Q: 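The following block contains the structure, expressed as structure tokens.
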Amino acid sequence: MGLRLFNTLSRQEEQFTPITPGEVKLYTCGPTVYDVAHIGNFRTFVFEDLLRRYLAFRGFEITHVMNITDVDDKTIRDSMAEGTSLGDFTSAYKQAFFEDLKTLNIVPAHHYPAATEYIQPMINMIQKLMDKGFAYQGDEGDVFFNIGQYPEYGRLTRINPDQMRPGERVSSDEYEKEGIRDFALWKAWKPEDGEVQWSSPWGKGRPGWHIECSAMSTTLLGNHFDIHCGGVDNMFPHHENEIAQSECTTGEPFVNYWMHAEFLLVDGRKMSKSLGNFYTLRQLVTDGYRPDAIRWMLMTTHYRQKLNFSVERLDDAIKAIERLRGFQARLEEWKSGTIGEADLGARAIMQFTEAMDQDLNISGGLAAVFELVREGNRLLDNGEMSHQMAGGVLEALNQINSVLGILDMSVENAAGLVDETTIQDLIEARKNARQALDFTRADALRAQLENLGIELIDTPAGTRWKRRNS
RNA sequence: GGCGUGGUGCCCAAGUGGUCUAAGGGAGUGGUUUGCAAAACCAUCAUUCGCCGGUUCGAAUCCGACCCACGCCUCCA
């Protein structure tokens with residue numbers, strides 16, 4: 001069968017066939033660094049991470065590019081309001097973004113091109129579009145793409161430009177456009193842009209938003225590449241415009257597979273500052289929620305399904321994760337040096353793959369994992385698992401985790417950690433008390449650890465401990 | 001006005017014509033195990049898939065109407 005992915009272009013699942021066998025060129029739309037990214041942004045980035053990891057699991061060689069939009073209306077507006085330079089302003093948020101990616105255990109892209117570093121390729125592209133007659137300069141200096149010259153416009157979103165209702169808001173540049181849906185490739189400098197400007201054949205100014213993704217993706221991945229991802233809200237107009245610009249510039253097909261992550265909702269509604277249902281990753285972590293639980297929650301609802309976020313659901317996530325961790329710990333204790341055969345593990349991997357091959361059916365994939373957990377625990381309980389087999393099952397579990405990226409995450413909160421020596425000392429004291437059958441003292445020590453946020457699990461092999469779920 | 005998505009047990013969530021009297025996780029209930037506990041295991045937990053009608057030998061899955069919720073058409077992931 002092989003991997004099948006839902007392609008927005010065809011609106012159906014398709015067999016995934018890369019342009020170059022065994023290699024995948026992947027482009028994912030990144031953040032605009034004018035603020036700290038919110039949990040909805042990370043829904044998309046976590047989906048892209050799952051895709052990236054699964055492609056790797058399936059043996060593909062991947063080149064992954066994620067752009068950083070560090071010049072646009074908002075970054076200019078807010079940096080000016082703060083009185084800082086655009087560069088200083090955006091680099092702070094850029095850094096915060098990378099920290100957040102790390103918190104969520106997202107595998108870094110191979111390239112993070114920033115828009116301001118690709119001005120020249122963008123200008124080259126716009127020049128080509130001018131030369132070919134796909135673009136024109138308006139009376140006020142802005143350069144626009146003329147969608148009337150591109151009959152295929154609307155192919156991705158199946159929108160007929162003639163039927164579109166123009167937005168309520170009419171910006172000043174509407175007057176110089178030839179077509180209402182034409183979009184800006186280059187924006188002429190205005191006083192409110194301050195010092196932000198680059199010179200171009202069309203006068204000083206800055207690039208439009210859409211052109212950056214076209215220029216950066218084709219520069220780093222080639223004119224024609226495999227997969228382009230983003231949030232559903234980027235389908236129109238952003239991705240539609242990217243296709244138009246890119247294909248008109250290069251004369252080649254742009255992207256084979258378009259994949260879009262659905263929205264994250266909060267209380268059934270789109271997250272917005274005005275509704276007060278706005279979450280950022282760092283705030284949640286500061287409030288004591290575990291990053292692995294947040295990743296789990298963002299990841300385990302299928303990416304084309306709207307996801308209703310709530311902090312209550314994070315508790316469910318922790319339970320599920322702890323079940324996996326508990327199983328992993330048992331296997332670690334029981335395994336021997338040599339890894340034996342493990343049909344159980346092989347079967348789980350097969351079922352996991354079978355599910356994930358169907359457009360990343362994560363629910364099906366997890367069902368396979370939990371079936372492995374139940375069966376494995378049963379064998380361990382009944383003493384029917386050999387040490388070698390435990391090693392094999394553990395190996396399979398870890399392989400699956402290379403896709404999930406959960407079990408290798410830290411579960412510790414930033415706040416008030418008790419150091420391990422103290423914990424070990426108390427556990428040792430309790431062990432001695434138990435051996436002396438002094439259960440009163442043993443229970444007192446358990447309670448003491450409990451107060452420190454430590455839970456104990458007695459096993460035949462000794463006492464395991466873990467920090468209490470936050 | 002145009003385009004689009006979803007409604008499955010108490011909660012989350014797969015499944016898109018027969019193997020579904022519906023996977024998996026959480027919660028609940030009963031039991032095994034345990035010094036106690038936790039974890040783990042076993043059993044139980046939707047004759048039913050928003051509502052109505054139709055197609056079919058057969059539908060959660062296809063078609064039509066309706067109800068409800070949500071999104072895009074504004075440089076929002």
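By convention in this document, chain letters (A, B, ...) are assigned in the order of the sequence lines, proteins followed by strands, and residues within each chain are numbered from 1. What you see below is based on every heavy atom in this structure, not just the backbone, and it leaves out hydrogens, waters and symmetry mates. In this text, all values refer to a predicted model and were calculated from it rather than measured experimentally.
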Q: Between the side chains of A:Asp458 and A:Arg430, is the shortest nitrogen-to-carboxylate-oxygen separation below 4.0 Å, so that they form an ion pair?
A: yes
Q: Do A:Thr44 and B:A77 share a donor-acceptor pair, side chain to base, under 3.5 Å?
A: yes
Q: Take atom NZ of A:Lys319 and atom C1' of B:C12, then tell me their distance rounded to the nearest Å.
A: 13 Å
Q: Take the protein atom CG of A:Leu314 and the nucleotide atom C1' of B:C12, then report the distance between them rounded to whole Å.
A: 12 Å
Q: Which listed nucleotide (B:A14, B:G35, B:G26) is nearest to the side chain of A:Asp443?
A: B:G35
Q: B:G18 pairs with which nucleotide, Watson-Crick or G-U wobble, both distances below 3.5 Å?
A: B:C57
Q: Return the nearest nucleotide to the side chain of A:Arg313; candidates are B:G35, B:G4, B:C12.
A: B:C12
Q: Please give the distance between the P atoms of B:C68 and B:A77 as a whole number of Å.
A: 32 Å
Q: Can you find an N or O donor on one side and an acceptor on the other, under 3.5 Å apart, linking the side chain of A:Arg158 with the base of B:G4?
A: no
Q: When the P atoms of B:U21 and B:G26 are compared, how many Å lie between them, rounded to an integer?
A: 26 Å
Q: In this structure, how many angstroms lie between the P atom of B:G6 and the CZ atom of A:Arg11, rounded?
A: 12 Å
Q: When we call it a touch if two heavy atoms are under 4.0 Å apart, what does A:Leu380 touch: a base, just sugar-phosphate, or nothing?
A: nothing
Q: Of the options B:G71, B:C36, B:A14, whose atoms approach the side-chain atoms of A:Arg434 most closely?
A: B:C36
Q: Decide, applying a 5.5 Å centre-distance limit and a 30° plane-angle limit (both strict), whether A:Phe439 stacks on B:G35.
A: yes
Q: Residues two or more places apart in sequence or in another chain: which of them pass ring-ring contact (aromatic ring centres under 6.0 Å, His included) with A:Tyr118?
A: none
Q: For A:Asp73, check salt bridge (charged side-chain N to carboxylate O under 4.0 Å, His left out) against everything at least two apart and list the hits.
A: A:Lys187, A:Arg206
Q: B:C73, B:A40, B:C76: which one has an atom nearest the side-chain heavy atoms of A:Arg330?
A: B:A40
Q: Check every strand shown and say whether A:Ala261 touches a base, only sugar-phosphate, or nothing at a heavy-atom separation below 4.0 Å.
A: nothing
Q: Hey, does A:Glu371 reach any base, or is it just sugar-phosphate, or nothing, if we go heavy atoms under 4.0 Å?
A: sugar-phosphate
Q: Determine which nucleotide pairs with B:G6, using a 3.5 Å limit on both distances of a Watson-Crick or G-U wobble pair.
A: B:C68
Q: Expressed as a whole number of angstroms, how long is the span from A:Phe327:CZ to B:A38:C1'?
A: 18 Å
Q: Think A:Lys74 forms a cation-pi with A:Tyr34, using NZ or CZ under 6.0 Å from the six-ring centre and within 45 degrees of its axis?
A: yes
Q: For B:G30, which nucleotide is its Watson-Crick or G-U wobble mate, given both distances must be under 3.5 Å?
A: B:C42
Q: Over all strands shown, is A:Thr157 touching base, sugar-phosphate only, or nothing at heavy-atom distances under 4.0 angstrom?
A: sugar-phosphate
Q: Please confirm whether the backbone N or O of A:Thr90 pairs with a side-chain atom of A:Asp70, one donor and one acceptor, at under 3.5 Å?
A: no
Q: Using a cut-off of strictly less than 4.0 Å, decide whether A:Arg374 has a side-chain nitrogen or oxygen near OP1 or OP2 of B:G24.
A: yes
Q: Assess whether a salt bridge exists between A:Glu262 and A:Arg304, defined as any Lys/Arg side-chain N lying under 4.0 Å from an Asp/Glu carboxylate O.
A: no
Q: Which whole number of Å gives the distance between the C1' atom of B:U56 and that of B:U61?
A: 13 Å
Q: Give one of base, sugar-phosphate or nothing for A:His302, where a contact means two heavy atoms less than 4.0 Å apart.
A: sugar-phosphate
Q: Classify the nucleic acid contact of A:Arg77 as base, sugar-phosphate or nothing, counting any heavy atom under 4.0 Å across all strands shown.
A: nothing
Q: Looking only at atom C1', what distance separates B:C49 and B:G9, rounded to whole Å?
A: 10 Å
Q: Taking the same atom, P, in B:U8 and in B:A13, what whole-Å distance lies between them?
A: 9 Å
Q: Looking only at atom C1', what distance separates B:C11 and B:A46, rounded to whole Å?
A: 14 Å
Q: Counting side-chain heavy atoms from C-beta on, which of B:A77, B:G24, B:G25 comes nearest to A:Leu264?
A: B:A77
Q: Counting only Watson-Crick pairs (N1-N3 plus N6-O4 or O6-N4) and G-U wobbles (N1-O2, O6-N3), all under 3.5 Å, who is the partner of B:G1?
A: B:C73
Q: I want to check something: taking the side chain as every heavy atom from C-beta on, are A:Ile406 and A:Met299 in contact at a cut-off of under 4.5 Å?
A: yes
Q: Look at the side chain of A:Asn377 and decide which nucleotide, out of B:G25, B:C70, B:A40, has an atom nearest to it.
A: B:A40
Q: Assign A:Glu312 to base, sugar-phosphate, or nothing according to its heavy-atom contacts below 4.0 angstrom with the strands shown.
A: nothing
Q: What nucleotide among B:C41, B:C11, B:G35 has an atom nearest to a side-chain atom of A:Arg378?
A: B:C41
Q: Looking at A:Glu140 and A:Lys190, is any side-chain nitrogen of the basic one under 4.0 Å from a carboxylate oxygen of the acidic one?
A: no
Q: Just wondering, are more than 12 heavy atoms of other shown residues or ligands nearer than 6.0 Å to CH2 in A:Trp334?
A: no
Q: Atom CG of A:Leu366 and atom P of B:G25: how far apart are they, to the nearest Å?
A: 10 Å
Q: Roughly, in whole Å, what's the span from CZ in A:Arg304 to C1' in B:G7?
A: 17 Å
Q: Across all strands shown, which nucleotide pairs with B:G35 by Watson-Crick or G-U wobble geometry, both distances under 3.5 Å?
A: none
Q: Could you write out each protein N or O paired with an N or O of nucleotides 15-22 of chain B at a distance under 3.5 Å?
A:
residue	atom	partner	partner atom	Å
B:G15	OP1	A:Asn361	ND2	3.4

Q: Can you tell which of B:G25, B:U5, B:A14 lies closest to the side chain of A:Ser363?
A: B:A14
Q: Under the 3.5 Å rule, do the base of B:C76 and the side chain of A:Lys270 count as making a donor-acceptor pair?
A: yes
Q: Around atom NZ of A:Lys431, are there more than 12 heavy atoms of other residues, nucleotides or ligands at under 6.0 Å?
A: no
Q: If you assign each of A:Phe370 and A:Gly40 to its closest nucleotide in RNA chain B, which residue comes earlier from the 5' end?
A: A:Phe370
Q: Using whole Å, what does the distance between atom P of nucleotide B:C72 and atom NE2 of A:His238 come to?
A: 17 Å
Q: Write down the distance between CD (A:Glu262) and C1' (B:G71), rounded to a whole number of angstrom.
A: 7 Å
Q: In whole angstrom, give me the gap between the P atoms of B:A65 and B:U5.
A: 15 Å
Q: Could A:Arg4 and A:Asp357 be called an ion pair, given the rule that one side-chain N must be under 4.0 Å from one carboxylate O?
A: no
Q: Taking the C1' atom in each of B:G24 and B:C62, what is the distance between them to the nearest angstrom?
A: 27 Å
Q: Counting side-chain heavy atoms from CB outward, which of B:C36, B:C70, B:G24 is closest to A:Arg446?
A: B:C36
Q: Ignoring hydrogens and geometry beyond distance, is the side chain of A:Asn41 in donor-acceptor contact with the base of B:C76 at under 3.5 Å?
A: no
Q: Which listed nucleotide (B:A40, B:A13, B:A77) is nearest to the side chain of A:Asp381?
A: B:A40
